[in-house]
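Notes follow once the structure below has been shown.
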Amino acid sequence: MRRSPWTLIFLLAAALLMLAVAQGCSSRRKSAPPAEVTPPPSTSENTNPDTEEPPPPATRPSDDESQANLRDAYFDYDDASLREDAKAALEGNARYMEGRSSARVVIEGHCDERGSVEYNLALGEKRARAAKEYLTTYGITSSRITTISYGKERPFDPGHSEEAWAKNRRAHFVAK
Amino acid sequence: MLLALLVPLRARTQTDVRIGIQASGTVKSPLLLASFRSSGGASGVAREVHDVARRDFDFSGVFAVADVEPLDSKLEPNPSAAGAVRVEGIVEGEGDGYQFTGEVFDLATAESMFKRTYPFRRAEAREIAHRFVDDVLEALTGERGICETKVAFIRSTGKVKEIWVMDYDGMNPYQLTHDRSLALSPTWAPWGTELAFTTYKRGNPDLYLFDLKRGASYPFSTRPGPNFAPAYSPDGKWVACALYRDGNSEIYLISRDAQTAKRLTRNSRIDSGPSFNPTGSQIVFSSDRSGSPQIYVMDAEGVSQRLLTLEGKYNDSPRWSPKGDRIAYAARHDGIFDVVVMDANGQRPFQVTSGAGHNENPQWSADGRKIYFSSTRQGRRQIFVMNADGSDVVQLTRGDECFNPAAGPRPRRPGVSRSG
């Protein structure tokens, strides 16, 4: 596609802004392990106007785009088995990844605050792996998926209610 | 079911301090503590040593402390005061060189039961008071105190969780790790200058060892997936932990030099939270192989695995007592977590916390008299300590969320006599 000069200027400005944000994020992110939040905006190829190269194969989505299309799977208390709603979310993720062969994800396993640090670390890993395994049944190669458990240490909702707990028991997808 | 039958001890011990024969737990021995005398310019130091010793005696759970004036004449026998003791002390010296002499009298016979002199420098006043009280406890009860021990724990600030260390009574907390990551589950090596813990500082939840002498940590087990729940064997040669290398969480023994790993559990469920008995021959742990977490025991080779907890749907975080006779754990009942202590064979489970928030992470003090634990009874999770029967609950941390207490061993002091 032929780009107009104004588009180029706009893209350049946008890229600079994103670079600044990304740097701010990366210096902040040194203070904490990669985790709960949307990853910092990337400066991936298709937002870089300095190169005239065409965007890489269409199967390589931007992280933001991937993030927006990946859904989390939720779990019952003290349980790593996949509920129907979790399976539906995971199926959607599998379909999305299927069409984008270079998309990779980290699946973070999370738990609610109840129970020991150690047991929840294991339970979170179990949830992440259950989600991963389900994706592989849709033909997603396991090398595209890594898992990490944050146990109960990175709640999405800091509350102490059943509502907060339900949000925190999840396999969280992070585009990589 | 049984938990409902467990009688909370709190009601029994909260109010009255009974005067009687020296024993552990609910019955406390009267201790008359004289203000310490001084010579030279040592009155300020004498007051400091006294105040620390007073807190220590009180904290021990063994004594009911009463303040008295120093003796001005010879102590007369008082047969009606059987079981009660009197502590006198004097601090001499000035500048930076001092010595403290402490003496304990049996009130009934007026005989000296213990006397020792401790040279010290100004900055060591607190330390010397701790050592004196531990010596007195050892001389009078046969079981040394824990005044000289430290407690490691996790403090959570924002998204960052670091290891902190404080004195046994919550004083002098300081931050040990500065990784600005997630540190979890610290546990002490038996020699007291090393901690094993889980850290995310390289991304994966890995096990590291922190050398307190060098102030640095080293990778210990960095296998993909969680490396967690460490516990040293009593001889310090092994670290029991849980690894996720077999598709699920299994308990392993890894040699302290990290060269050898032995798998102890084999099933498809979560096995975690190992803790050795004091001889190192057995390991208690939690497993949800029956559906929900329960407490199991096995020998240190991984054989003879059997269920210990027969009641309660959810029992986790077992810790074997230093004497080997009891096991503390966290039990969930009606959605609430409480600390339960049972005999090492699983009999007589006894709920020692009740009625106040979630109480978890039980950890025995080195003398087995105390249990450290985390509690939400004041809102945010904080670290508390209580006598092993649930009495005398004291809050040790405040402010930022704190959890995962780990009570350290007594310091090893080669060449220093341990007897009175």
Side-chain angles (χ1 to χ4, degrees), chain A residues 25-37 39 76-81 106-130 132-133 136 142-143 145-156 158-162 165 174 176, chain B residues 154 156-161 179-185 198-205 224-230 241-244 247-250 268-274 286-288 291-293 313-314 316-317 329-330 332 335-337 358 360-361 374 376 379 381 401 403-404:
Chain A
C25 281
S26 65
S27 61
R28 213 172 345 113
R29 285 169 68 82
K30 258 180 216 154
S31 66
E36 65 301 328
V37 293
D76 286 335
Y77 175 59
D78 192 19
D79 200 344
S81 53
V106 179
I107 307 179
E108 298 177 357
H110 295 272
C111 305
D112 73 32
E113 63 178 346
R114 295 171 292 172
S116 70
V117 165
E118 296 79 16
Y119 182 78
N120 280 306
L121 213 49
L123 182 59
E125 183 73 17
K126 207 170 170 177
R127 285 175 176 162
R129 291 195 185 204
K132 173 177 177 172
E133 197 181 318
T136 61
S142 60
S143 61
I145 311 164
T146 52
T147 57
I148 185 167
S149 173
Y150 286 101
K152 59 191 269 189
E153 311 307 324
R154 288 269 190 264
F156 292 76
H160 307 291
S161 62
E162 182 53 61
W165 293 334
V174 179
K176 189 163 87 151
Chain B
I154 301 298
S156 180
T157 313
K159 301 271 181 193
V160 171
K161 305 190 185 199
D179 296 327
R180 303 211 41 89
S181 177
L182 277 178
L184 300 168
S185 313
T198 292
T199 176
Y200 284 67
K201 68 176 167 182
R202 293 207 307 203
N204 191 62
N227 300 258
F228 64 114
C241 60
L243 302 177
Y244 221 105
N248 73 92
S249 173
E250 301 286 8
S268 61
R269 305 301 292 251
I270 295 172
D271 298 299
S272 173
S286 77
S287 175
D288 71 346
S292 67
K313 280 185 181 163
Y314 191 113
D316 193 13
S317 310
Y329 58 97
R332 186 169 65 89
I336 302 291
F337 284 88
H358 297 288
E360 296 178 78
N361 296 159
S374 68
T376 59
R381 242 186 323 173
E401 183 180 50
F403 59 98
N404 270 168

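Chain naming here is simple, since letters A, B, ... match the order of the sequence lines and numbering starts at 1 in each.
- Put simply, CD on Glu125(A) and CD1 on Ile270(B) are 10.0 Å apart, with the number rounded to the nearest 0.5 Å.
- Contacts between Thr147(A) and chain B at a heavy-atom distance below 4.5 Å are absent for every atom of the residue.
- Contact annotation: the side chain of Glu360(B) never approaches that of Arg114(A) to less than 4.5 Å [non-hydrogen atoms, C-beta and beyond].
- A donor-acceptor contact closer than 3.5 angstrom is absent between the side chains of Glu118(A) and Ser272(B).
- In this structure the side chain of Asp288(B) reaches within 4.5 angstrom of the side chain of Tyr119(A), judged on heavy atoms.
- The parts of Ser185(B) that come within reach of chain A are both its backbone and its side chain, each placing non-hydrogen atoms under 4.5 angstrom from that chain.
- The closest side-chain heavy-atom distance from Thr146(A) to Pro224(B) is not below 4.5 Å.
- Atom OG in Ser116(A) sits 8.5 Å away from atom CZ in Phe228(B) (nearest 0.5 Å).
- Ranked by non-hydrogen atom pairs under 4.5 Å with chain A, the options Arg202(B), Lys201(B), Arg381(B) are led by Arg381(B).
- In this structure, the separation between CZ on Arg332(B) and CG on Asp78(A) is 7.0 Å, given to the nearest 0.5 Å.
- Taking chain A as the reference chain and counting heavy-atom pairs below 4.5 Å, the highest number among Phe337(B), Tyr244(B), Phe403(B), Tyr314(B) is found for Tyr244(B).
- Heavy atoms of other residues, nucleotides or ligands lying less than 6.0 angstrom from CD of Glu401(B) number more than 12.
- If you tally non-hydrogen atom pairs under 4.5 Å between each of Pro226(B), Ala229(B), Ser249(B) and chain A, the highest count goes to Pro226(B).
- At a threshold of 4.5 Å between non-hydrogen side-chain atoms, the residues Arg154(A) and Leu182(B) count as touching.
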